[in-house]
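Lettering of chains follows the sequences in order, A, B, ..., and the numbering in each one begins at 1.
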Number of protein chains: 2
Amino acid sequence: MKISLINNGFEITQNEKQLLVHTTENPAIFVGVGQEKMEIYRGNFDIHDYIEERIPLRFAKITDNIVEFSCGKDSPVQITMKITHQNNLDALLSFESQNQHLNRFWIRLSATQNERVWGCGEQMSYLNMRGRHFPLWTSEPGVGRDKTTEITFLSDKYNKAGGDYYHTNYPQPTFISSNHYACHINTTAYADFDFRNNDFHELQIWEIPQSIELYSAPTYLDIVEKLSLRFGRQPKLPEWVYNGIILGLKGGEENTFSRMENAIKKGVPVAAVWSEDWVGLRITSFGKRLFWDWKWSRKRYPNLEQKIKELKQRNIRFMSYLNPYLCNDGELFPIAKQKGYFALNKDGDVALVDFGEFYCGVVDFTNPKACEWYKEEIIKKNCLDLDISGWMADFGEYLPTDNIYLANGVEAKLMHNAWPTLWAKVNAEAIAEAGKTDDVTFFMRAGYTGVQKYCPLLWAGDQSVDFSRHDGLNTVICAALSSGLMGNAYHHSDIGGYTSLFNNRRSKELFERWAEMAAFTPVMRTHECNRPDENFQFDHDPSTIAHLAKMTNIYRHLVPYVKALADEASEKGYPLQRPLFVHFEQDINTYDIQDQYMYGKDLLVAPVHQQGVTEWKVYLPADETWINVWSKQQVQGGQFITVAAPIGQPPVFYRKTSKWSDLFAEIAAIK
Amino acid sequence: MKISLINNGFEITQNEKQLLVHTTENPAIFVGVGQEKMEIYRGNFDIHDYIEERIPLRFAKITDNIVEFSCGKDSPVQITMKITHQNNLDALLSFESQNQHLNRFWIRLSATQNERVWGCGEQMSYLNMRGRHFPLWTSEPGVGRDKTTEITFLSDKYNKAGGDYYHTNYPQPTFISSNHYACHINTTAYADFDFRNNDFHELQIWEIPQSIELYSAPTYLDIVEKLSLRFGRQPKLPEWVYNGIILGLKGGEENTFSRMENAIKKGVPVAAVWSEDWVGLRITSFGKRLFWDWKWSRKRYPNLEQKIKELKQRNIRFMSYLNPYLCNDGELFPIAKQKGYFALNKDGDVALVDFGEFYCGVVDFTNPKACEWYKEEIIKKNCLDLDISGWMADFGEYLPTDNIYLANGVEAKLMHNAWPTLWAKVNAEAIAEAGKTDDVTFFMRAGYTGVQKYCPLLWAGDQSVDFSRHDGLNTVICAALSSGLMGNAYHHSDIGGYTSLFNNRRSKELFERWAEMAAFTPVMRTHECNRPDENFQFDHDPSTIAHLAKMTNIYRHLVPYVKALADEASEKGYPLQRPLFVHFEQDINTYDIQDQYMYGKDLLVAPVHQQGVTEWKVYLPADETWINVWSKQQVQGGQFITVAAPIGQPPVFYRKTSKWSDLFAEIAAIK
């Protein structure tokens with residue numbers, strides 16, 4: 001990257017491409033003062049900013065690699081920027097504020113016509129973010145996420161939870177541009193990346209950020225490789241994961257294990273059974289909730305210890321559930337409270353968070369001793385010592401910003417976005433310290449910069465149990481692809497979705513379509529959803545169990561290929577699920593497709609994500625001959641085609657030239 | 001008012017009360033640059049601003065009565081402010097921009113705890129605006145106007161028309177503070193008055209405004225008197241208005257006049273019949289619409305000329321309907337087009353506005369010749385020569401801001417807010433030129449600064465046919481009170497409301513409650529609503545006609561009192577309907593009441609605006625003995641009481657000391 005002086009300013013370019021330009025007339029940096037208003041309601045945030053000042057820093061004085069920005073020639077310097085070239089291709093812009101009042105920062109990067117931008121963590125609605133702005137703040141993603149739908153309206157009205165296109169459990173101030181560079185901002189403050197302008201991208205941060213990293217590379221895959229090195233690569237998934245499906249079952253010992261046995265009897269290969277309610281239940285007016293006191297409930301699972309042993313001998317694992325809160329009526333709460341491991345309120349008491357008729361303390365992960373305690377007492381003693389092989393590490397998005405004080409002395413509004421990574425770190429370190437990284441895993445929905453290093457597996461969060469555009473099956477694909485570009489190699493989702501509210505109920509068709517997609521992801525896992533009794537379950541219908549068995553067999557059949565992808569993920573950081581364009585940069589048609597994906601280099605998957613269809617329109621990238629795994633038909637790439645897509649035959653194609661052709665050719669015969 | 005130098009700045013005070021303070025640390029004025037995005041859909045605007053710069057003007061150099069504002073001591077002057085004392089009590093702050101790039105302006109006036117602010121034109125939801133901000137842009141007010149209601153959700157979804165609490169046909173950049181001053185800004189640009197802050201009111205204008213007027217006075221009524229002088233006073237209503245009700249009837253000659261005769265036969269005193277469809281109909285997929293070609297439809301009303309003569313002999317007038325558009329398939333359109341009287345698009349063609357399956361030209365009221373033409377050809381020839389005695393002068397809020405060019409060369413976004421007053425002026429002048437101001441009237445929903453001078457009578461616009469908080473019966477009271485404080489003496493509404501959408505239907509109860517309120521306003525008028533056949537009408541039920549006859553008789557009974565109020569309106573500019581606090585400044589309880597009003601000094605009206613109630617809670621101001629017009633019970637003021645409020649007996653009280661006691665005492669006996 002090159003910095004050059006131009007008339008009244010300077011520019012940063014890479015290979016003649018302008019990344020940033022600053023002149024007196026069109027300054028690249030603005031600073032200011034804002035007063036935010038943040039209201040939290042059960043993980044949903046209502047955030048408003050009152051911008052009191054927004055000052056263009058028109059004047060830039062350049063000395064060597066230091067730029068001093070001010071309003072005018074004789075005005076005091078507001079911020080300094082130091083440009084460090086990491087190497088030819090990358091640059092680091094480090095900022096220092098010279099005015100303590102400033103708490104808002106805007107920087108404009110150059111944009112070009114037809115440019116696409118991708119990333120910003122795990123985005124559910126839009127893979128290409130151009131034309132929209134993306135507030136970056138970890139939160140509940142919302143129910144419906146579309147202000148024109150009834151379900152979003154009702155969720156907003158009754159639970160402040162409707163959400164919008166940009167709400168996500170996992171935001172990240174990082175994007176990749178089709179101009180072959182990536183930009184990452186080192187901050188955990190609230191940010192808003194605005195890609196609506198023709199000539200520039202404006203990145204807004206609610207502090208003067210520490211630094212901005214710019215990476216360029218000849219191909220998108222090279223950029224992903226760089227980012228995955230930067231943010232950290234995941235360990236491989238444990239071998240046992242590939243044995244079959246992870247069945248999400250709860251309802252106590254009898255219900256859980258009898259239904260598991262039934263599934264096995266009906267031919268479903270089971271890798272693990274995952275029981276959230278291993279900790280017991282709490283009855284609220286909302287319904288059955290888990291008891292947030294992270295230890296084995298002997299009442300609900302009286303023979304669990306023995307059961308885990310038996311299952312393991314049968315090559316079936318047991319998985320559990322954890323989150324970073326402790327309910328104030330549990331056994332662990334008084335211990336953590338006595339030790340001072342909770343975040344506090346302004347009166348110095350434990351800051352209690354309302355989760356709906358019960359209250360919890362927030363284990364303060366900015367306190368190293370609290371982390372140690374959680375690792376030792378909860379993860380190692382209560383999970384690993386019981387031979388639990390993994391868990392959902394839920395939440396991470398809820399750190400309140402009001403009336404909460406942390407051990408490290410940093411404001412909660414600056415730690416809020418950092419929380420998911422701290423939570424991931426606690427989990428990963430506990431497993432590593434026990435020497436079990438190869439054999440125990442966990443999965444998270446929340447994330448932020450650096451979660452890549454600790455979280456081995458993302459799950460897409462709590463989709464609605466439907467085919468809706470902004471909260472249904474298809475959003476999982478967008479989530480996998482965007483987070484994959486950020487260096488998260490492994491992604492999966494709740495088969496059938498999770499959220500059933502306002503009479504929205506999971507159908508057999510939805511479950512089966514979702515399972516078809518899941519067969520072509522690194523992990524298959526079911527979830528009963530939030531209202532199990534009112535929604536379709538995998539074992540409600542013999543034909544669905546048979547369908548699930550078939551899909552799990554396909555999943556198992558693909559294991560050799562998937563393991564090769566896992567090798568690639570370890571070596572290069574490539575995600576298993578990838579946008580088409582990373583392998584077909586020259587085919588412009590691939591750039592706006594977000595409901596198909598490459599599963600590795602050789603498989604193209606186009607999940608059916610609409611109700612009641614038996615055909616599906618698929619784009620096949622140019623300069624390749626594709627083979628339909630079901631019909632074996634060969635199709636020349638570079639065109640949209642419509643294919644038969646009955647239940648049980650999700651549109652999947654492979655490259656004719658693939659070295660895995662024989663493996664793929666066998667898919668159609670699997671039962 | 002006094003301007004004084006203080007440390008690092010200056011302040012403007014009145015009687016020791018600080019109105020504005022400016023220091024280097026807390027500047028009073030900010031300027032900047034914004035890029036607005038305005039999308040119009042049938043009178044509903046979606047407006048967003050991107051604030052590119054917002055610069056505090058910290059440095060103020062004061063020379064005599066001129067203040068030069070800049071960012072710093074040695075920075076260029078951005079704006080100058082000239083302070084002119086009109087007299088001891090008032091001041092004029094005139095601004096001049098010294099930087100042509102500036103298009104945003106913010107000024108902070110001092111605020112105090114417990115201060116109330118009222119006005120901003122005709123507000124439908126909140127009389128006291130403290131704690132909220134109020135964008136000021138004339139538009140459709142919206143259907144539902146409450147984002148938590150289903151009807152607002154559906155209106156937003158299908159018509160972009162849900163609206164919000166601040167949407168109004170008649171905004172005005174003027175407010176009255178309980179600190180005994182009024183502030184008015186001379187601008188027609190988009191503005192947003194923000195009353196959310198504890199220490200200051202921040203007034204935002206999308207231009208450097210010409211000037212700010214500050215008025216102070218010892219009492220609120222004195223302030224209203226000043227404002228009404230400033231903005232212009234209405235002529236008295238024609239005498240015939242007081243003869244009875246104005247019946248809104250359409251459906252052609254036979255239907256209109258037979259239903260009128262029926263009403264008269266059933267004892268309803270009729271002052272006028274008002275037929276919107278005098279111009280004929282257009283059938284669209286939405287339903288029956290008027291034909292926007294402003295002349296008598298001989299097809300629909302074959303004997304109208306004769307009929308008007310006959311009615312007048314019976315002391316009944318005929319009223320019609322006009323608006324400022326002409327449909328492009330009417331007879332007037334080609335004439336106006338040929339003369340060049342329409343606003344144009346960028347290609348120099350007539351700018352056509354979509355009104356739903358038909359298109360209209362906008363008569364360009366910035367062209368004096370176009371105004372003359374409208375006055376002569378439409379108002380004088382087509383209305384007054386036919387002996388029409390008045391009309392609804394509808395619309396005024398729809399001037400698009402995009403791709404429309406006006407004769408005076410001013411940008412449409414700066415003329416948009418000015419349009420209602422231009423439209424009122426055309427109507428008023430035509431009537432005045434014909435020498436008929438005493439005998440002909442018109443009523444408008446749209447307004448802006450100066451509409452007071454031209455529009456003799458406001459109507460509250462298109463409420464929903466319900467009791468809803470933000471779009472129902474009660475909003476009419478807030479509308480009358482806020483606009484009254486701005487110097488609009490005469491206000492009325494559609495009895496029964498207008499908008500019936502999404503299965504919201506007018507009930508008999510709603511109609512009767514609304515009629516009860518209307519009896520205590522200067523004009524009673526019914527409207528069939530937008531879907532006459534599906535909604536309750538005054539003649540659907542014998543008991544409703546009887547109720548309406550009684551209410552109209554009460555209205556007629558009050559005429560001597562109302563005429564005395566009209567004298568007061570002419571002499572002092574006091575509105576007929578007034579907030580309680582203007583007569584009870586010392587009673588703090590009166591300040592937050594917006595659903596009761598003083599009808600003149602002596603009558604207190606508390607309309608029932610909820611469904612299914614037979615009792616009503618009323619506040620009676622302190623230091624007065626009140627007499628219930630129905631029960632004759634005497635009640636000491638300074639308390640909330642609950643009174644019987646059956647249909648037919650709206651809660652109304654009069655001062656025991658009133659010189660009109662005898663008149664009021666007779667109300668209960670009226671049938």
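For B/Tyr158, no part lies near chain A; criterion is any non-hydrogen pair under 4.5 Å. Both the backbone and the side chain of A/Glu52 come within less than 4.5 Å of a heavy atom of chain B.
The environment of CD in A/Gln100 is sparse: at most 12 heavy-atom neighbours from other residues, nucleotides or ligands sit within 6.0 Å. A 6.0 Å sphere centred on CD of B/Glu96 holds no more than 12 heavy atoms belonging to other residues, nucleotides or ligands.
Interface check for chain A: of the options B/Thr149, B/Leu154, B/Asp156, B/Asp194, the most heavy-atom pairs under 4.5 Å are formed by B/Thr149. Per-residue counts of heavy-atom pairs under 4.5 Å with chain A were compared for B/Glu202, B/Lys147, B/Glu53, B/Arg196; the largest is that of B/Glu53.
In this structure, OH on A/Tyr50 lies 4.0 Å from CZ on B/Arg54, to the nearest 0.5 angstrom. Once rounded to the nearest 0.5 Å, the distance linking OG of A/Ser75 with CG of B/Asp74 reads 9.0 Å.
Between B/Glu150 and A/Lys157, every side-chain heavy-atom pair lies at or beyond the 4.5 Å cut-off. Taking the side chain as every heavy atom from C-beta outward, A/Ile51 and B/Ile51 never approach each other to under 4.5 Å. For the pair A/Pro56 and B/Val33, the minimum side-chain heavy-atom distance is 4.5 Å or more.
Using cut-offs of 30° and 60° on the angle between ring planes, the pair B/Phe153 and A/Phe153 is parallel.
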